[in-house]
2 protein chains.
Amino acid sequence: MAEQIARNAHLASTVLKTLSNDERSQALDEIYKGLRLNRSVILKANELDMESAVKNNLSSSLIKRLDLSINDKFDTMCQGVLDVAALEDPLNKITLATKLDDGLNLFRLTCPIGVLLIIFESRPEVIANITALAIKSGNSAILKGGKESFHTFKAMSDVINEILIEKTAVPKDAIQLISTREEVGELLKQDQYVDLVIPRGSNELVRNIKSNTKIPVLGHADGICSIYVDEFADIEKAIKIIIDSKTNYPAGCNAAETLLINEKLIKTSAFLQIVEKLIEANVTLHLVPELLSLIPSSLLESKKFIEATEADFHKEFLSYDLAVKPIASTRDAIYHINSHSSKHTDVIITENKENAEIFLKGIDSSGVYWNCSSRFADGFKYGFGTEVGISTNKIHARGPVGLEGLVCYYYQLRGDGHVVGDYVGGGGSKVFKHEKIDIGTLNL
Amino acid sequence: MAEQIARNAHLASTVLKTLSNDERSQALDEIYKGLRLNRSVILKANELDMESAVKNNLSSSLIKRLDLSINDKFDTMCQGVLDVAALEDPLNKITLATKLDDGLNLFRLTCPIGVLLIIFESRPEVIANITALAIKSGNSAILKGGKESFHTFKAMSDVINEILIEKTAVPKDAIQLISTREEVGELLKQDQYVDLVIPRGSNELVRNIKSNTKIPVLGHADGICSIYVDEFADIEKAIKIIIDSKTNYPAGCNAAETLLINEKLIKTSAFLQIVEKLIEANVTLHLVPELLSLIPSSLLESKKFIEATEADFHKEFLSYDLAVKPIASTRDAIYHINSHSSKHTDVIITENKENAEIFLKGIDSSGVYWNCSSRFADGFKYGFGTEVGISTNKIHARGPVGLEGLVCYYYQLRGDGHVVGDYVGGGGSKVFKHEKIDIGTLNL
């Protein structure tokens, strides 16, 4: 069953990848229209999910996330499909062109990855978003949503599949919905057909998937982001950035979890200024003993201080907690971060360009920031239109992943009977020319 | 022990990545000089390996591969290090620049991947090549060579490590040699520190590594390359290309293993022309029954015909064998190849541009060729200077992988106290500008 799903997705992908940008974008226009036409059917299914959610005593925040009828959520979801359709075509871009010899030309072109397995929790509007990104990038997608939103997903995928069959050149198996956890387990074994797994959900979900598949996984299990306040920091900026990074949305993977403060600042009033503002912002500070001993008893009364353990510096709190530690230098901050962070996003606050440049070059994370909040790590804020997630991988795609992260490349070689036996190294005497071809003027 | 090696490699990589292109290239110049200065020491060690090889009755081709003193092999190896030093710097290239808002600028820069674990068999000159590629691309490398060349590897890595310590800014742990299989097994578990495994060797080695690690593996287990002779093929070209693809070096991963011939050609003299030339070139043909029945008895006497099984079309023969099958159309050829090939390199032979374009777009492999030999799939022939291997992965790097495949990218965000709370979506009212910055004029 899982093998059949994966195989069908693969076959669909080989058709989908040959479609033009117009055909792919037109399919998204049809999906946009179809979703709007079927609004009442989808919202009725959504009501069923809401009823079960209430019956099963799910949290009010989860119920709110499930509810597609709130405000303009449904319209925003539909508009998102059109927005993706309007993005620049990520496919068939020539990124390298070389004349190997007369009449023998090498081209590198962007192409889809193939089959994506995307696993996400609750929020039902994600299905429209992912469908749009997959089709626009020429990839087949197998989608698994949370069981809480099963009826909504089912209704939406029925609509999408019907539209694909009736009104578009996109094969219907390009978008498939699966509904059980067992199917996910089996699909994770289909490394012959599934090319990339994208989990969007809890750290536990991502970690679980990473340890149960040979297929590459794009995403992040942890978001342990750090801020280093350099000796040359502007303290006003530092306070603003630390508070935003920690409290703007503490449950976000791009929220700060660790604060490193240059030792020289500890001895000045700057340290207590920062501490006071964080306490006012309702943050609980996990301080190493040498910092804890500096806190005046008047402040200790706030009960917002905890002695930090080594483990606190490896922790994603996802709450109003922050681990704090003094650090001797920019180099030491880099060392601490590279050995503790999750390679997500890390920040230096300094007015000293030299230290900033050392930090920007030395940190081994997908985002390295100077004098701004870690919370900017996000596909929308980066201007990607939308994102499929944030990657802490070291290869392929890093940081917020938009359409570009869903493509790879391949080589075309166009000849006229050329064989290797004629060339030096292959038994012959011809020599390769290896001349760059101007990509600007190319039309294959 | 393995953890220590991996950790040290990681720490070295965080220093190496901050070095300038001059510092990295200068290190390669020093290695070049050091290897030449220590020629006699290295060749003496190489003699020890040769003696054991003879004692252990290794094959003459293996002994030849081991021998560093043959012709100008030693000099060519040293020159290769200088050639890599002279390549364009793959690091710190700005590939995206966006003004998010006044004073808040986003840059995407190429960067090293981190730590490479490279496993290869016998040929001792590879250590110099890989060392050069790793240092030039700012990556640490842990190298494991074949046990047959242990003494040569040891002597070369001693020289390289001494040079790194004494004469360069590259930390010595950037290049580490390991010598036992047990260490490889343990290193494959160090996914915290090792970012990419590159196996260069037998299919068995690669497959074994792929199923024993969570670390991404760059390489190919199989090279099942196909040639499709379209109904509009020029038969002279077809014959030339098929023979080159099959016989130029049958043990190469880019040799052809499957020949698909358009049905229309089967009914003409073209089919027997192709067959005759292949028999003359000493190729054994595995023909499906309907083709076998067309072979005249005069040809059958050559004993070069075998009835093909379905398994033959999934096989990498690595010999003078070729599986042959008729196919109805370009679309069918694409379907056959996408479900049988190993995503390495596949070829169409046709004078019909339309069919060629369909093939070039529809085949799901890292190399798709029109009217030329599959044997061109090679980093040197592509003009990459050198390669670390050929990848059949669907993400990150595909086809022959040169320096560019050893880098990834990260995002720098440079602000001036910017926080998300001031922007729409984060709680504020400011709107992102998302203006493209001209990369040509940039100087960070």
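Every chain is numbered from 1 and lettered A, B, ... according to where its sequence line falls, protein lines coming before strand lines. Because only heavy atoms are used, hydrogens play no part in the values below, and waters and symmetry mates are left out as well, while side chains stay in.
- Aromatic ring pairs are classed by plane angle as parallel below 30°, tilted from 30° to 60° and perpendicular above 60°; the pair B:F380 and A:F432 is perpendicular.
- Closest heavy-atom contact between B:V424 and B:V431: CG2-CG2, 4.1 Å.
- Counting only heavy atoms from C-beta outward, the side chains of B:Q412 and B:L444 approach each other to under 4.5 Å.
- For chain A, the option among B:G383, B:G425, B:A356 with the highest count of heavy-atom pairs below 4.5 Å is B:G383.
- When heavy atoms are compared at a cutoff of 4.5 Å, B:D234 does not approach chain A at all.
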A:F376/A:Y382 under ring pair (Phe, Tyr, Trp, His ring centres under 6.0 Å): CA gap, chis, key distance, verdict: CA-CA 8 Å; A:F376 283 108; A:Y382 276 17; 8.7 Å; no
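- Residue A:L96 touches chain B through its side chain alone, counting heavy-atom pairs closer than 4.5 Å.
- Interface remark: A:I113 contributes backbone and side-chain atoms alike to the contact with chain B (heavy atom separation under 4.5 Å).
- Taking A:P112, A:G417, A:G405, A:A238 one by one and counting their heavy-atom pairs under 4.5 Å with chain B, the maximum is reached by A:G417.
- The shortest distance between side-chain heavy atoms of B:L100 and B:T98 falls below 4.5 Å.
- Looking at B:K343 and B:D346, no side-chain N of the basic residue comes within less than 4.0 Å of a carboxylate O on the acidic one, giving no salt bridge.
- Other residues, nucleotides and ligands contribute at most 12 non-hydrogen atoms within 6.0 Å of the CD atom of B:E404.
- Using a 4.5 Å heavy-atom cutoff, the side chains of B:H418 and B:D416 are in contact.
- Residues B:L218 and B:H396 approach most closely at CD1-CD2, 4.0 Å, considering heavy atoms.
- Shown here are the salt bridge (Lys or Arg N to Asp or Glu O under 4.0 Å) partners of A:D378, two or more places apart in sequence or in another chain: there are none.
- Side chain of A:S245 to main chain of A:I241: a donor-acceptor pair is present (N/O by atom type, distance under 3.5 Å, no hydrogens or angles).
- Within the 4.5 angstrom heavy-atom criterion, only side-chain atoms of A:H434, from C-beta onward, approach chain B.
- No side-chain donor from either of B:R414 and B:N105 sits under 3.5 Å from a side-chain acceptor of the other.
- Per-residue heavy-atom pair counts under 4.5 Å with chain B were compared for A:K381, A:K214, A:E236, and the maximum is reached by A:K381.
- Interface residue A:E357: only side-chain heavy atoms are found under 4.5 Å from chain B.
- Residues of residues 7-20 of chain B that come closer than 4.5 Å to chain A, counting heavy atoms only, are B:R7, B:H10, B:L11, B:T14, B:K17, B:T18, B:L19, ordered by residue number.
- Between chain B and the residues A:N371, A:N393, A:L106, the largest count of heavy-atom pairs under 4.5 Å involves A:N371.
- Chain B forms the most heavy-atom pairs under 4.5 Å with one residue out of A:F384, A:Y249, A:Y193, and that residue is A:F384.
- Panel note: side chain B:D244, backbone B:S373; no donor-acceptor pair is recorded below 3.5 Å.
- Considering every non-hydrogen atom in both B:P400 and B:I390, the closest pair reads CA-CG1, 3.9 Å.
- Interface residues of residues 335-342 of chain B toward chain A, defined by a heavy-atom distance below 4.5 Å and sorted by number: B:Y335, B:N338.
- Contact annotation for residues 360-370 of chain A against chain B (heavy-atom separation below 4.5 Å, listed by residue number): A:L360, A:K361, A:G362, A:I363, A:D364, A:S365, A:S366, A:G367, A:V368, A:Y369, A:W370.
- For B:R108 and B:T95, the side-chain atoms include at least one donor-acceptor pair closer than 3.5 Å.
- The closest side-chain heavy-atom distance from B:L196 to B:I198 is below 4.5 Å.
- Judged by distance alone, with hydrogens and angles left aside, the side-chain atoms of B:S374 form no donor-acceptor pair with the main-chain N or O of B:T345 at under 3.5 Å.
- No other option in A:A397, A:G415, A:G399, A:G103 has as many heavy-atom pairs under 4.5 Å with chain B as A:G415.
- Put simply, of A:D191, A:L104, A:V347, A:T247, the one with the most heavy-atom pairs under 4.5 Å next to chain B is A:L104.
- Side-chain atoms of A:V407 and A:L91, non-hydrogen and from C-beta on, do get closer than 4.5 Å to each other.
- Residue B:R207 qualifies as enclosed at atom CZ: its count of foreign heavy atoms under 6.0 Å is above 12.
- With a 4.5 angstrom heavy-atom cutoff, A:N248 touches chain B only via side-chain atoms.
- The existence of a salt bridge linking B:K430 and B:D102 is excluded, since no basic side-chain nitrogen approaches an acidic carboxylate oxygen closer than 4.0 Å.
- For chain A, the option among B:R398, B:R331, B:K237 with the highest count of heavy-atom pairs below 4.5 Å is B:R398.
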